[in-house]
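What follows is a short report on a single structure.
Reminder, nothing fancy here: chain letters follow the sequence lines and each chain counts from 1.
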Amino acid sequence: MEQRRGGRNSRRMVIEMFVLGTIASLAGIALGIAIDWFPEDASTQAGPIDTLWDVLVVCSVPIFVGVVIVVVYAARLFKQLPGEEELDGPPIHGNTKVEVVWTALPAILLVALCTYAFVVLQDIEEAPAQAAAPEMVVDVYGEQFAWTFKYAGTDGKEVNTTQLYLPKDRSVKFDVHSKDVIHDFWVPAFRMKVDAVPGVTTNYRVTPTKIGRFPVVCAELCGLGHAYMRQTVTVMEPAAFDSWLQEESVESNAPAGGGDEAAGGATGQEGAGSGSASADGKTIFLEGNDNGATSCAACHALADAGSQEGIGPNLDRVLPGQTAEQVGTSIVDPEAKISEGKPAGVMPGNYGEVLSPAELEAVTAYLVDSTKK
Amino acid sequence: MPLELRRPGWSRAFTYSLLGVAFAYALSLGTRAGLDYDPVLDGESVLRICLIGVPFFFLVGLGLFDYWFRWASGAPTVPEDHSGHGAKSWKSYLYPNTDHKVIGIQYVVTSFFFMFVGGLMAMLIRAELAAPGRQFVDANTYNGLFSVHASLLIFLFIIPVFAGLANYVLPLMIGAPDMAFPRLNALSFWLLPVAGFMMLASFFAPGGSFASGWTAYATLSNTAPVGQEFFTIGVQFAGASSIATALNFLVTIITMRAPGMSFFRMPLLVWANFSTSLLVVIATPFVAASQFFVLLDRSLGFNFFDPGQGGDVLMYQHVFWFYSHPAVYIMMLPGFGIVSEVLAVKSRKPVFGYRMMAFSLLAIVVLGFTVWAHHMFVSGMQSWIRVPMMVTTAIIAVPTGIKIFSWLATMWKGVLKLDTPMLFTMGFITMFVLGGISGVMLAMIPLTIHVSDTYFIVAHIHYVLFGGSLFTIFAGVYFWFPKMTGRMYDESLGKLHFWLTFIFFNVTFAPMHLIGVQGMPRRVADYADQFATWNLIISLAAFGTGLSTLVFAYNMISSWRGGRRAPANPWRSLTLEWQVSSPPPVFNFDEIPTVVGGPYEYGVPGAVHGVFGGKTTTAGPTQEPVTTGTPTTSA
């Protein structure tokens with residue numbers, strides 16, 4: 001076929017593309033850096049990971065911009081115009097030099113990035129230097145659909161809690177276990193996660209750097225309540241943490257809420273502790289509490305609270321006629337009685353621990369009241 | 001038996017299916033009674049046997065095995081009269097047929113049906129996620145929706161629609177009268193509706209549909225309600241279909257090329273399907289194995305994945321991803337082939353660096369088997385494996401990069417016809433680069449530790465499979481629509497479809513990168529309030545994406561019914577499928593062509609790819625089909 005004569009591909013256009021590409025890349029990089037991608041950073045691990053992200057953005061934007069510019073300019077410069085329906089382009093079959101360049105350059109860039117990522121990996125997984133405070137080990141247990149935690153308390157006692165407390169500036173190694181299916185223990189503010197695998201103990205370590213409360217999220221699909229498997233980690237001053245741990249070790253079987261005083265003191269949140277909660281049954285039903293109790297309304301329909309039909313039995317249907325005692329038992333030990341047509345083993349079995357006696361009583365009373373015929 | 005029930009066809013298929021159900025009851029009741037099990041009637045046991053057995057009864061009833069049974073039993077075989085070859089009317093598409101062109105259309109139409117069903121599920125998912133809290137589906141239904149959405153679009157849309165397009169054009173491209181094994185080809189197709197129907201039917205299973213994601217990780221999958229088995233067993237049928245088709249492609253490509261069609265004169269679509277078929281035959285048995293493990297765990301009390309009994313939960317993921325990572329390339333390489341075809345023809349230039357394009361496909365096949373554990377960076381496997389997998393994952397971007405840069409160079413200095421297939425191709429290049437870039441980011445272990453199992457992954461997979469695979473599928477469907485239907489599609493509707501899809505797709509999936517990095521996990525029916533605004537925007541854009549496919553559907557249906565008649569070669573292409581009438585004669589070529597040059601010699605004066613009976617084929621605009629009229633039937 002006849003070829004198109006005279007290129008529209010002047011040198012000026014190539015320079016224009018180059019200038020435009022540079023400007024767009026710089027703008028893209030500026031935007032990529034300016035966007036607030038990450039949640040709050042609260043561990044020594046977060047810094048290197050966030051920096052790695054920035055480096056990747058800086059490397060990626062020019063590649064994407066370059067490809068888009070070439071596509072757009074090709075469409076602009078070489079578009080078939082009326083009267084050119086019969087024309088062909090020049091029969092260029094390839095160019096070995098160019099092909100070697102675009103094979104070698106990306107390979108070099110990728111190897112460099114891998115090397116850098118490897119260094120970052122070593123950095124974030126490395127055990128802390130001996131000189132620092134000794135590393136603490138916390139056993140994390142995932143089960144449908146809640147996390148529980150085990151500390152080595154003082155005097156060799158075990159401390160089991162439903163609420164995760166950590167001291168600031170001390171490396172902690174999580175040994176993660178699962179009691180049923182695979183979960184994933186993720187604290188976005190720490191940037192680290194690992195699956196909780198039945199039969200295997202997995203682990204990672206972080207050094208918290210900020211005092212405050214951060215979400216704990218289950219990141220691996222674990223069944224019906226996966227979306228609701230969200231808790232909180234509280235990072236506190238080392239002294240406050242030590243006294244909390246000591247207190248817990250003394251009353252090893254104390255309700256877990258006991259720790260909240262220390263937590264409240266450390267984080268400056270007065271009255272956040274569940275033990276002193278106002279024990280408003282409806283609020284607890286709707287929102288759960290800060291001690292790791294998830295919202296009842298997430299799974300149960302209850303007309304009075306306005307919650308909709310969900311995973312769990314409709315309480316307006318199953319509760320009428322039950323005594324306060326029966327209702328209380330069902331909250332603390334959900335497996336004792338399973339409603340018809342509902343699977344067993346779905347509702348967390350930890351409400352007896354995460355609700356204080358006063359809260360349990362309040363929720364029970366609220367449920368009995370609101371479902372009375 | 002009345003004649004109707006003895007003849008292969010739908011009546012016999014339904015009758016045999018009922019027999020299959022009866023067989024399942026008999027086998028279950030008989031065995032349980034014989035072993036003194038209590039109760040004797042166990043619904044799950046009967047259902048399980050039905051899921052495995054009834055499809056075979058159905059397929060036998062439909063007549064797919066008749067020839068083989070006669071042959072195997074030693075009965076005199078009926079001489080092939082080609083009565084089941086080629087479409088006589090639209091009804092022919094509802095029955096098994098051995099013509100690769102009929103099968104190709106059956107494949108494409110069936111896969112698009114499942115695309116619309118799967119897309120509808122995506123709309124429900126986005127409606128649920130439009131606001132935090134529960135809108136209108138419960139958690140079980142929600143988990144089922146995203147699981148079935150992914151399974152349908154992967155196993156019943158992207159993989160088979162590529163097989164369907166290639167089924168139609170590949171034999172034509174290499175100058176073959178049909179595929180190597182036409183009866184096997186028919187069987188491959190009919191396994192698909194079985195698998196798709198099974199996955200959809202899971203919503204009616206007691207306890208709801210399978211809800212453990214398309215990854216079906218143990219131990220969630222081997223303890224889930226019985227709906228899970230609709231996936232476990234459905235995947236076996238979809239996988240068997242894939243493997244049979246891949247074998248068919250391999251044998252066809254290796255043995256049935258026209259004289260002169262050396263490997264390095266094959267169009268790149270043929271190369272792409274050759275590479276894909278290698279991946280399929282090597283990798284697909286692994287996903288079959290992973291699901292058989294789950295089935296045995298569930299039904300016969302094996303303990304493959306019960307850690308209390310020495311089972312290994314992580315083994316499931318290794319076996320599963322050993323297939324499912326190569327599956328990503330199974331879902332992408334045929335698209336690469338389509339892009340090379342469309343770009344060369346629409347740019348009027350040879351594909352830049354043809355040999356490197358072919359070699360990079362093979363490089364991806366080899367490297368594709370060495371990266372699977374990058375899906376498991378946070379799974380708790382041995383930590384050292386992560387490092388080599390990071391390096392191989394990054395390096396696989398090199399052959400992919402070669403392809404992208406070569407496509408750009410192919411366009412450069414061409415005469416670009418910016419019609420619908422070309423727009424989708426160019427859209428593909430930009431979107432796939434984004435998906436590739438986030439892929440390289442995900443190779444970097446420290447970053448993946450933070451973003452794995454978040455919406456960043458959801459964004460990445462949709463940039464690769466929607467912006468990547470689906471864009472190439474649209475390009476291919478528009479490009480070969482004239483050849484397959486003999487009609488031209490509506491160009492302005494096509495362009496409208498492209499721009500709507502391109503814009504809404506980006507508004508839907510780009511923000512997912514951000515909310516993922518910010519901490520929103522994937523596969524959740526509810527999310528923290530901080531993500532509410534973005535999710536609302538995403539949902540609205542998703543509905544736009546959904547609506548844009550209606551433009552496509554309308555265009556396809558109305559053009560097929562009443563579009564302008566297509567000439568043999570509307571695109572002035574050199575490859576062989578355009579040298580015969582649209583649609584091609586039943587046996588493709590009256591005379592097998594001789595190939596004398598490369599497939600993309602645009603701009604080369606007097607270049608020729610194939611010769612028919614001494615006449616040369618050129619890319620001339622006034623080209624009349626060399627082969628038309630009635631096909632010759634050979635006995």
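- Residue B:M444 is tested with A:V120, A:L121, A:L56 for a side-chain contact (heavy atoms from CB on, under 4.5 Å); the sole match is A:L56.
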**Message:** For a side-chain contact (heavy atoms from CB on, under 4.5 Å) check, start with the C-alpha distance between A:E125 and B:I449, then their side-chain angles and the critical distance, and finish with the verdict.
**Reply:** CA-CA 11 Å; A:E125 294 193 333; B:I449 291 176; 4.0 Å; yes
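- Contact of B:N140 with chain A is made through backbone and side chain together, with heavy-atom distances under 4.5 Å.
- For A:D36, the part lying near chain B is the backbone, with the side chain staying farther off; criterion is any non-hydrogen pair under 4.5 Å.
- For a residue to count as touching a neighbouring chain, one of its non-hydrogen atoms must lie under 4.5 Å from one of that chain's; by this rule B:I402 touches chain A with backbone and side chain alike.
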**Message:** Between A:I182 and B:V313, is the side-chain contact (heavy atoms from CB on, under 4.5 Å) condition met? List the steps.
**Reply:** CA-CA 9 Å; A:I182 301 176; B:V313 178; 3.5 Å; yes
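- Residues in residues 217-228 of chain A take part in no salt bridge (charged side-chain N to carboxylate O under 4.0 Å, His left out) pair, two or more places apart or across chains.
- Taking A:G199, A:A75, A:A107 one by one and counting their heavy-atom pairs under 4.5 Å with chain B, the maximum is reached by A:A75.
- Only the side chain of B:Y217 comes within contact range of chain A, with at least one heavy atom under 4.5 Å from a heavy atom of that chain.
- Only the side chain of B:L418 has a heavy atom closer than 4.5 Å to any heavy atom of chain A.
- Summarising the geometry of A:A227 relative to B:A525, their closest heavy-atom pair is CB-N, 3.5 Å, with the distance given to 0.1 Å.
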**Asked** Does the pair B:H513 and A:I35 meet the rule for a side-chain contact (heavy atoms from CB on, under 4.5 Å), with working shown?
**Response** CA-CA 12 Å; B:H513 292 108; A:I35 291 176; over 6 Å; no
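- Residue A:I92 touches chain B through both its backbone and its side chain, counting heavy-atom pairs closer than 4.5 Å.
- Closest of all the heavy-atom pairs between B:T448 and A:K193 is O-NZ, 4.4 Å.
- Classified by interplanar angle (parallel below 30°, tilted 30° to 60°, perpendicular above 60°), the ring pair A:F78/B:W412 is perpendicular.
- For A:L52, the part lying near chain B is the side chain, with the backbone staying farther off; criterion is any non-hydrogen pair under 4.5 Å.
- The shortest non-hydrogen separation linking B:V398 to A:P106 is CG2-C, 4.4 Å.
- Residue contact with chain B, scored on non-hydrogen atoms closer than 4.5 Å, is absent for A:V187.
- Here A:E84 does not pair with B:K417 in a salt bridge; the nearest charged N to carboxylate O distance is not below 4.0 Å.
- When all heavy atoms of B:A394 and A:C114 are compared, the pair lying nearest together is CB-SG, 3.5 Å.
- Looking at B:T410, neither its backbone nor its side chain comes within 4.5 Å of chain A, counting heavy atoms on both sides.
- Taking the ring centroids of B:H450 and A:F38, they lie under the 6.0 Å cut-off.
- Neither the backbone nor the side chain of B:F432 comes within less than 4.5 Å of any heavy atom of chain A.
- Both the backbone and the side chain of B:S452 have a heavy atom closer than 4.5 Å to some heavy atom of chain A.
- Heavy atoms of B:Q317 lying under 4.5 Å from chain A belong exclusively to its side chain.
- Of the two parts of B:A443, neither the backbone nor the side chain holds a non-hydrogen atom closer than 4.5 Å to a non-hydrogen atom of chain A.
- Chosen from A:M229, A:R191, A:E99, the residue pairing most often with chain B at heavy-atom distances under 4.5 Å is A:R191.
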**Request:** Carefully, step by step, assess A:F118 and B:I445 under the rule side-chain contact (heavy atoms from CB on, under 4.5 Å).
**Result:** CA-CA 8 Å; A:F118 180 71; B:I445 306 163; over 6 Å; no
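- Heavy atoms closer than 4.5 Å to chain B are found in the side chain of A:V217, but not in its backbone.
- For chain B, the nearby part of A:C222 is the backbone; its heavy atoms alone come within less than 4.5 Å.
- For the options A:V68, A:L110, A:V197, A:T202, heavy-atom pairs under 4.5 Å to chain B are most numerous at A:L110.
- Aromatic pair A:W102/B:F352: ring centres closer than 6.0 Å.
- Only the side chain of B:F456 has a heavy atom closer than 4.5 Å to any heavy atom of chain A.
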**Asked** Yes or no on salt bridge (charged side-chain N to carboxylate O under 4.0 Å, His left out) for B:R348 and A:E85, after CA distance, side-chain angles and deciding distance?
**Response** CA-CA 10 Å; B:R348 314 305 308 160; A:E85 287 82 0; over 6 Å; no
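- Here the shortest heavy-atom pairing between A:H226 and B:R522 reads NE2-O, 3.6 Å.
- The two residues A:A219 and B:D453 come nearest to each other via the heavy atoms O-CB, 2.9 Å.
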